[in-house]
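First the proteins, then the strands, lettered A, B, ... as listed; each starts at 1.
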Amino acid sequence: MVVQQIANGVVLGSLYALVALGLTLVYGVLRILHVAHAGVFVLGAYVGVLVYLPTGSLALAIVSAAVVCSLAGLIMYRFLYRPVLGRPPLVPLIISIGAFMFLEDLYRLVMGPYIKSLPVTIRAAGFETAAVRLTGYQLFIVAAAAGLLLGLWWLMRGTRLGLAWRASAQDLETAAAHGINTDVIIGVCFVIGSAIAAVAGVMVGGYYNQVYPSMGSVPAYKALAVIVLGGMGSVPGTVIAGLALGLAETLTMVWVGTFLPRDAIAFLVLILMLLVKPTGLLGRAS
Amino acid sequence: MISSLYLVTVVTMTCIYIILASGLNIITGYAGQPNLGHAAFFGIGAYASALLTTKAGLSFWAALPLAILITAVVGLALGVISLRVRDDFLAITTIGVNFVVVSVFLYFTFFGRALGLGGIPRPTLFGYNLQKPQYLVLVLAVVALVMALCWVFSRSRLGLMVTAVREDEIAARCLGLDVTRLKIIAFVLGTSLAGLAGSLYAHFMTFISPYDFAFPVSITIMCMVVLGGAGTLWGPVVGAVVLASAPELLRFIQDYRMLVYGSLLVLLMLFQPSGLLGMGSAFAGRELRLAARARGRVNQGG
Amino acid sequence: MSAYRGKWVNALLAGLLIVALAFSFAGCKPKEPQVVKIGVFAPITGPAAADGAAATNAAILAVEKVNNAGGINGVKVELLTYDDQFSSAQAVAVAHQMIERDGVVAIVSGSYSTPTRAVAPIAQEAKIPLVAGYAVHPDITAAGDFCFRNSFVGTVQGLAAAEVAVRDLGAKKVSILMVDTDFGRILGETFKQTVEARGVKVLSIDAYPYGEKDFSALLTKIKGLNPDLLYATGYYAEGAAIALGAQTVGLTCQILGMEGMDSPKFLELGGAATEGIIITTNLNRDDMRPIAQEFLQAYESRFNVPADMVAASTYDAILIVCEAMRVGGFEPQAIRDAIAGLTNFEGVTGVIQAFTPSGEVIKPVQVQIVRDGAFHFFSVVDDPAIITPPN
Amino acid sequence: MADTIFTVRSVTKAFGGLTALKAVTLEVGREEIFAVIGPNGAGKTTLFNVISGVYRPDEGEIYLAGRPLHGLTTHRIARLGVARTFQITRLFKQLTVLDNVVLGFGRGDIDPRGLVGGARRPAEVERAKELLAAVGLKDSAGLTAGTLAYGDQRRLELARAMAMDPTLLLLDEPCAGLTHHEALELAALIRRLKDSGVTVVLVEHNMYVAMGVADRVAVLDHGEKIAEGSPEAIQRDPVVIEAYLGRGEAGEDRA
């Protein structure tokens with residue numbers, strides 16, 4: 001049962017990591033808490049529903065969601081964040097929260113308040129031994145998370161784009177002074193981050209078979225906890241933090257009992273950790 | 001008389017929001033410390049007052065100051081945290097505080113869990129039980145007191161020093177300002193007001209439940225401060241009146257309420273980030289307008 | 001309070017808020033004669049918006065039915081709907097608005113416990129009858145003799161579930177999962193006490209937050225305990241997630257759910273995983289009575305979504321109020337008396353035998369099972385000792 | 001050198017692997033103008049940050065009039081009479097010019113009267129206006145500090161520091177960004193300050209400005225003091241010339 005619970009934690013943690021990755025990319029270069037990222041995540045899930053139901057193709061659903069969300073992310077950057085770069089951090093944060101409220105209500109008005117189902121079936125076989133049992137879809141989630149992470153890691157470490165991103169994350173102004181088109185870099189961050197959120201949206205929607213307007217509410221703020229735990233702007237840190245949170249929630253729920261409602265655990269760990277190390281788990285000193 | 005009980009309710013809630021927004025304004029507006037968990041302190045005040053009256057048998061008049069004190073102690077703790085954790089991290093920490101506090105209300109039987117706490121008495125004065133209209137008079141008196149306090153604070157040297165901390169912490173330290181103490185003072189003052197509002201809310205509603213103090217409430221209070229103009233005396237009041245009465249006035253668009261709310265916030269931050277009464281606004285005080293004009297001149301001058 | 005002080009308060013208010021303006025306009029609406037107003041409040045926006053929609057839809061349908069049949073003794077019913085935003089503070093404002101500004105003669109709650117609990121004492125004080133559709137908190141009917149509840153008080157359903165578990169399913173060891181709301185906790189805890197008293201072993205009891213989707217950890221734990229019954233309280237979204245989660249982790253024991261899961265959405269979202277799940281509710285889908293069939297068909301054809309427990313309960317609450325008006329007239333006091341005196345009233349949710357003096361409904365608890373993707377009759381609990389709510 | 005009022009003894013400060021200050025020792029006499037010069041990255045601003053308590057020294061001691069400053073928090077050091085300006089101005093930009101100066105009075109003491117009384121007592125307003133007049137900002141008292149031109153911002157910072165009635169005034173590159181004419185005016189102002197009894201330590205990148213105003217000069221390079229003496233002696237010191245010329249920056253007037 002221990003192995004099974006760890007497996008449960010890893011599946012949950014993979015979903016957390018996927019949602020938080022885009023947030024990390026954006027925070028890395030812009031130092032903006034992009035709460036509306038969760039709105040993109042929900043958009044991805046809805047696009048998934050709209051494409052999957054008539055076509056029955058998960059691949060097509062994921063690709064369309066990624067395309068639509070990339071565009072949405074780019075639009076958000078261009079019209080919401082770019083005009084207020086350099087303002088105190090509270091300004092973009094409130095814009096982001098406002099945009100998120102707007103989106104949640106827009107989804108409700110356009111798609112209706114009811115929960116939609118996204119009955120994804122997957123041909124991959126499950127995995128079952130005496131100690132652990134994972135369905136094909138759970139394996140798919142973990143594999144997709146790992147694949148996206150490796151891809152992102154390659155992009156960051158092995159390409160010129162990654163180099164430019166890291167330079168921009170160090171210091172946006174200096175990077176610009178050295179001829180890096182930071183506007184493009186930031187745009188790429190929003191595109192990639194939003195595409196990953198879209199994938200996460202479709203996968204979460206399919207995993208629980210529920211897509212609804214407020215499905216982003218809890219992820220919106222929990223993802224913030226994940227990126228702080230991961231050191232704000234660190235891609236591997238975010239993945240580790242996502243997995244750690246998934247495991248921590250699963251394991252405390254089972255062995256410590258419902259010590260506190262699950263959603264509080266993330267923040268409790270966060271507050272305690274910040275008191276010990278105010279720059280996050282893997283954060284660099286500011 | 002009965003025909004105005006609805007109005008009494010709306011005005012009472014607006015007043016409670018004015019106190020909340022004014023308290024947050026001290027923390028976020030004057031001292032410049034983000035606090036997205038103000039509703040947690042609202043809740044702590046409400047629960048403290050409710051428990052003190054229903055379980056400890058105290059009267060409202062004894063419970064109110066104690067509730068403020070209890071909230072202030074927790075606010076002090078957050079103030080200490082704010083010394084160590086800053087900016088974005090502090091913003092997220094305060095969100096976390098809100099989630100954790102609501103969870104505590106939800107989890108422990110002592111706090112009534114999901115059932116909340118009921119049977120909270122209305123205050124009595126000279127043997128009379130204060131019903132809603134009389135209670136509103138009390139709330140209005142408290143609001144007047146709170147605004148007087150905020151007025152004194154905003155004009156005092158203390159207020160000026162707290163604002164200096166917001167503007168530049170290191171420069172403030174180098175002038176001999178005890179930034180640590182000033183930040184803690186701001187947190188304690190701001191959260192005490194939230195505790196006061198919580199107590200007033202509990203005895204107005206007569207029952208409370210954890211979700212009354214959830215994170216979206218913090219967002220609403222923050223919106224009030226930002227909409228009206230953070231760091232101005234009357235900004236939070238205007239913000240609270242507009243946003244607390246907007247749902248009432250905008251009932252005809254009730255289905256699009258959050259849509260309007262959300263876009264209002266976005267547009268305001270994009271085009272008038274210092275709020276309705278903030279710098280550069282047509283509604284701003286004369287001094288601020290002049291300053292903004294002067295800034296415009298300098299910018300044009302290159 | 002003296003008249004002088006009252007005026008002073010009013011003047012103060014008027015000076016303080018522009019809101020007053022909104023009222024003077026709203027207050028000027030010409031009153032049509034021969035119309036009686038019923039107010040319905042529901043969470044139209046906010047986290048429970050889907051239930052808000054179901055409740056208001058059902059209310060509209062009920063009022064249309066009454067008006068199409070010529071009204072109540074020739075008087076048309078006007079339905080006023082209000083959004084409580086799932087918030088108690090908002091509900092207080094809504095309550096005053098309904099009673100004072102709009103002059104409704106009766107109120108129906110199409111909302112959850114928290115907002116309804118805020119409205120009940122105000123309705124009681126103003127002596128306007130309130131019928132709660134599906135809100136379960138005991139404080140609602142405890143507010144006074146003008147407050148009624150058309151759904152089972154939480155303890156009744158918990159008792160009935162225990163009866164089903166022991167009598168029908170022969171459970172010996174059970175696990176309990178309950179949603180962390182007043183509804184979920186009351187049912188879960190009543191169930192636990194009752195089955196334990198009847199010699200059943202309770203292996204585990206866990207609460208989970210409202211809106212939870214991931215049950216893999218808890219269900220894995222429960223699977224390890226190997227119960228022969230899982231009693232799960234929750235709403236349809238959580239219920240469906242529990243059904244799917246049980247399938248994912250390979251938990252095969254019988255699942256017993258409750259009223260909150262009585263929704264077509266439960267079947268849609270849970271899919272094949274809901275097959276065989278049993279719930280306690282107040283709506284019998286195999287009920288061949290015309291009133292039930294007519295409602296189920298009309299609702300689905302009108303709103304393109306099948307009716308659920310929220311819709312049916314709110315629908316009945318409106319019909320109860322209308323029936324009371326037909327019998328007693330249009331004065332609030334008379335309506336209240338007529339509701340209290342109602343016997344064997346045919347509602348969609350079953351035959352309402354009567355209301356207790358404390359305002360709780362007495363009607364049999366329906367037990368439904370999911371077969372071939374639909375709810376069907378499984379059994380009924382009509383033992384008066386169980387279905388009569390305690391005073 | 002008359003009696004020593006300010007002493008920095010063997011102060012060392014490292015950031016990770018980089019040692020910004022290596023056992024720096026300075027002795028400054030009462031009412032002296034003491035300049036610390038050195039190329040970029042020599043550790044001048046770090047020295048100021050260590051003195052004013054923004055950083056804690058890893059080793060070494062600092063005394064003002066016999067009282068230890070090392071290990072104290074920034075605001076305590078300020079209250080003992082150390083005022084400073086910054087290389088890049090740090091004003092309270094949204095406050096008025098007048099309030100910026102007023103905040104300097106009383107060295108941050110929270111006077112109980114300050115809790116309820118007005119923020120600025122009439123006597124303080126008078127004195128603040130005098131200080132503003134002294135730095136040439138007589139007409140700007142009511143403006144928002146952030147709207148001032150850059151040179152004016154530097155002047156305001158100086159007036160704010162003077163409001164603290166300091167024993168020791170630390171000026172971090174006071175002439176940076178000023179025109180030649182403005183720099184000369186400032187030098188005259190610094191000399192007047194000295195005459196009024198203030199001890200001044202200034203950090204300057206620009207060697208000639210420093211030479212023109214200072215009584216004595218110390219030279220930092222890579223965190224180490226490489227020379228100290230009168231301006232004339234420093235100008236002739238081959239070690240100093242090497243340190244500057246080695247980077248091709250000597251004599252370059254960057255104002």
Option that, when pairs with chain B are counted at under 4.5 Å, heavy atom only, ranks first among [options]:
options: D/Leu80, D/Leu103, D/Leu95; value: D/Leu103
options: D/Val102, D/Val54, D/Thr73, D/Val82; value: D/Val102
options: D/Gly53, D/Ala83, D/Gly106, D/Ala78; value: D/Ala78
options: D/Arg79, D/Arg120, D/Arg90; value: D/Arg90

Measure B/Leu149 against the heavy atoms of chain D and call it side chain, backbone, both or neither at under 4.5 Å.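 Neither part.
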
Aromatic ring proximity, centroids under 6.0 angstrom, D/Phe6 and D/Phe34: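 Centroid separation for D/Phe34 and D/Phe6: 6.0 Å or greater.
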
Carboxylate-amine/guanidinium proximity below 4.0 Å for D/Lys129 and D/Glu126: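 No, D/Lys129 and D/Glu126 are not salt-bridged.
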
With a distance cut-off below 6.0 Å to the six-membered ring centre and an angular limit of 45° from the axis, does D/Arg160 pair with D/Phe92 as a cation-pi contact?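 Output yes; distance and angle both within limits.
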
For B/Cys15 and B/Ile19: C-alpha separation, side-chain torsions, deciding distance, then whether side chain to side chain contact (heavy atoms under 4.5 Å, CB included) applies. CA-CA 6 Å; B/Cys15 287; B/Ile19 300 172; 5.6 Å; no

Between D/Arg84, D/Lys44, D/Arg56, which is the residue that forms a side chain to side chain donor-acceptor pair (under 3.5 Å) with D/Asn49?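 So the option named by the test is D/Arg84.
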
